[in-house]
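Here's the structure we're looking at; comments come further down.
Keep in mind that the numbers below use all heavy atoms, side chains included, and drop hydrogens, waters and symmetry copies. Ligands are counted one by one from 1 in listed order, and the atoms in each one are counted from 1 as well.
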Amino acid sequence: MRILIIEDEQKVAAFIQKGLEQEGYAVDVAYDGEEGAYQAENFDYDAMILDLMLPKMPGLEVLKSIRARDLSLPVLILTAKGAVEDKVTGLDSGASDYLVKPFAFAELSARIRVLLRRGAQESTTLRLADLEMNTATRTVTRAGRKIDLKLKEFSLLEFLLRNARRTVTRTMIIEHVWDIHFDSVSNVVDVHINSLRNKIDREFSPPLIHTIRGVGYMLTDEPS
Ligand code: CA
């Protein structure tokens, strides 16, 4: 899942980015409102973290410009301590949730999980056939056996599970699992698909990861 942080305080932005990346999210950062609005318009994000006090364009304006086009993108606003009117205005302007600074990373992370869930109307468990992922405890099992995944393998599988039985292109995978600095000429998607196959499919039946030739991949328990 790919997240955009719009926050002008570099230390705060770096703190959030580092924490989210350690949980496997692809994270882009914009340091002012204009840049943030531009990135939100030009890339496909699964959630956004938005500071309200921003240079060039205030957070609420950024939010309005996004809501004019996209009603479903989950947006978590960050507000200064005690600014109750900011929270109310933010929620009225289409924010999904808010967090008061200073905050603990664990709380931010939990709220992001809730927002991503709300978007897709689901619980913390993603499931296809005998494959199960718990996004809160970050565990994966197949046929009851625990499977250890690396960070990006987990993110890739989460994206495939959220789009189960649908074809996903390499571009879609790149846009939701890797960040803006991704090197698009590399074969990193195929490499990660292969390692994921080794872990979730090789010793199990039926195979769940299907290659859709010339297009991309599909996670499905139906034979192709
Ligand atoms: Ca700020």
Side-chain angles (χ1 to χ4, degrees), residues 1-120 124 135-136 138 151-152 155 158-159 162 174-183:
M1 301 286 106
R2 186 175 178 187
I3 295 173
L4 175 63
I5 301 169
I6 310 179
E7 165 64 81
D8 60 315
E9 284 170 67
Q10 303 230 355
K11 272 189 182 168
V12 177
F15 164 73
I16 302 172
Q17 178 178 25
K18 187 164 168 250
L20 290 174
E21 282 177 351
Q22 282 170 350
E23 297 197 343
Y25 295 102
V27 181
D28 294 338
V29 181
Y31 297 102
D32 66 64
E34 268 177 24
E35 189 192 340
Y38 173 83
Q39 279 185 224
E41 194 170 330
N42 287 281
F43 300 97
D44 202 356
Y45 292 101
D46 299 294
M48 187 168 92
I49 296 167
L50 176 67
D51 183 33
L52 289 184
M53 301 273 280
L54 289 168
K56 293 192 184 171
M57 189 194 281
L60 284 178
E61 290 301 311
V62 176
L63 183 57
K64 282 176 196 158
S65 80
I66 288 162
R67 281 291 173 254
R69 295 183 320 271
D70 181 353
L71 293 173
S72 64
L73 178 72
V75 177
L76 174 72
I77 53 172
L78 300 176
T79 71
K81 199 177 178 195
V84 178
E85 64 277 20
D86 278 0
K87 295 177 205 166
V88 174
T89 317
L91 292 172
D92 283 347
S93 308
S96 320
D97 196 4
Y98 65 87
L99 197 56
V100 175
K101 291 182 186 178
F103 52 83
F105 180 77
E107 182 171 10
L108 177 114
S109 164
R111 284 173 187 238
I112 290 289
R113 281 199 300 276
V114 170
L115 291 184
L116 289 172
R117 212 149 80 203
R118 196 179 287 169
T124 46
T135 57
R138 303 190 60 79
L151 221 48
K152 277 294 175 203
S155 305
E158 181 181 358
F159 182 70
R162 287 181 191 276
I174 289 164
E175 286 199 341
H176 289 270
V177 181
W178 275 272
D179 63 32
I180 201 167
H181 304 294
F182 176 77
D183 173 10

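I5 places a side-chain heavy atom less than 4.5 Å from the side chain of Q17. Under the 4.5 Å side-chain criterion, counting only non-hydrogen atoms from C-beta, D97 is not in contact with V114.
Note that the CG atom of L73 and the CE atom of M48 stand 6.0 Å from one another [nearest 0.5 Å].
Taking the six-membered ring where tryptophan is involved, the planes of F103 and F15 are tilted, since the angle between them lies from 30° to 60°.
D28 and Y45 share a donor-acceptor pair across their side chains, judged by distance under 3.5 Å alone.
Residues in residues 56-66 take part in no side chain to side chain donor-acceptor pair (under 3.5 Å) pair, two or more places apart or across chains.
Atoms of the protein (N, O or S only) found under 3.0 Å from the Ca ion (ligand 1) are D8 OD1, D51 OD2, M53 O.
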